[in-house]
Amino acid sequence: MIAPLQEEAATPVPVLRVSGVIKVYQMGEIEVHALRGVDLSLRAGELVVLLGPSGSGKSTLLNIIGGLDMPTRGRVMYRDCDLTAADDKMLTRYRRDHIGFVFQFYNLVPALTARENVAIVTDLAEAPLAPAQALDMVGLGDRLEHFPAQLSGGEQQRVAIARAIAKQPDILLCDEPTGALDNETGKLVLAAIARINRELGTTTALITHN
Ligand code: ADP
Ligand code: MG
């Protein structure tokens, strides 16, 4: 099963608490036990790395933390809010206001520049970073007007990271953000995530092989 690798808390306040979470997928007559009783705390400002072999439930756990999926049993608390008791509308608001997601594939809009891809999100947020500032944080201050096709894979992923953090989420969730990149490029992407955690203090949970 998966365990937090790094637990040096900047402060002891838990932003998110997962307790006794079980996830069972029912596939016809077969039950798939994706999570068998997971406990995890994300404290304010910490960076937690989730490690485990393929199929060990990492994405399932991250999706539950991010309000994209519900546990079968157990509890997920975001500050004082019980996500396991929340309805769809509350979960949508939770994702919109508090969560930044980065996936293996960047999901950028091809017809929009780097700056415009980030602006899609900041237009909806309450206290966003300027798109240029978010892109600068990931080392792309000189690529604002580039379209995705004019950027390398690692640069596209950094645009996706800028998009995720521009709304200043409480929690940044990254599911194998380096999965489609070579080692050296992957390191640049991880460095961008570490810098955001350090400089913006964004609580971060990261699944990675690098
Ligand atoms: P990881 O991200 O660590 O590779 P996952 O969380 O994606 O693992 O999957 C954990 C287990 O749950 C796997 O056995 C997978 O096949 C199963 N699983 C994941 N999502 C679903 C789903 N939507 N329906 C059925 N089974 C699923
Ligand atoms: Mg996965």
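Since this is a predicted model, take the numbers as computed values, not measurements. One-based numbering along the sequence shown. One-based numbering, in listed order, for ligands and for the atoms of each.
Taking both residues in full, the closest heavy atoms of D39 and G20 are given as OD1-N, 2.7 Å, listed atom of the first, atom of the second, then distance. The shortest heavy-atom contact between T122 and P131 is OG1-CG, 3.8 Å. Taking each heavy atom of T203 and A44 in turn, the nearest pair found is OG1-CA, 3.5 Å.
Of all atoms in ligand 1, listed by their number and element, those nearer than 4.0 Å to a heavy atom of V32 are 12 (O), 14 (O), 17 (C). Each of the following atoms of ligand 1 lies closer than 4.0 Å to a heavy atom of P53: 3 (O).
Applying the ring pair (Phe, Tyr, Trp, His ring centres under 6.0 Å) test between F103 and each of F101, Y106, F105 identifies F101 as the sole match.
Given atom 8 (O) of ligand 1, the protein heavy atom at minimum distance is G57 N, 3.2 Å. For atom 23 (N) of ligand 1, the nearest non-hydrogen atom of the protein is Y25 CE2, 3.6 Å.
Contact annotation: for M27 versus ligand 1, heavy atoms closer than 4.0 Å belong to the side chain alone.
Close N/O approach between A34 and ligand 1 is not found [any backbone or side-chain N/O within under 3.5 Å].
Atom 6 (O) of ligand 1 has its nearest heavy-atom neighbour, among T60, V24, L50, in T60. Nearest-heavy-atom check against atom 2 (O) of ligand 1 across S56, S59, G55 picks out S59.
Both L200 and L190 belong to a common hydrophobic cluster when Ile, Leu, Val, Met, Phe, Trp and Tyr are linked at side-chain heavy-atom distances under 4.5 angstrom. One hydrophobic cluster, built from ILVMFWY side chains closer than 4.5 Å, cannot hold both V121 and L68; they sit in different ones.
Protein heavy atoms are found inside the 4.0 Å sphere centred on atom 4 (O) of ligand 1. Inside a 4.0 Å radius of atom 25 (C) of ligand 1 there is at least one protein heavy atom.
Side-chain atoms of K167 come within 3.5 Å of backbone atoms of R96 as a donor-acceptor pair (strictly under, hydrogens ignored).
Contact analysis puts S54 in contact with ligand 1, with a non-hydrogen atom separation below 4.0 angstrom.
Defined by atom type and a distance below 3.5 Å, a donor-acceptor pair is present between the side-chain atoms of T185 and D182.
Put simply, S59 gets within reach of the Mg ion (ligand 2), with an N, O or S atom under 2.8 Å from it.
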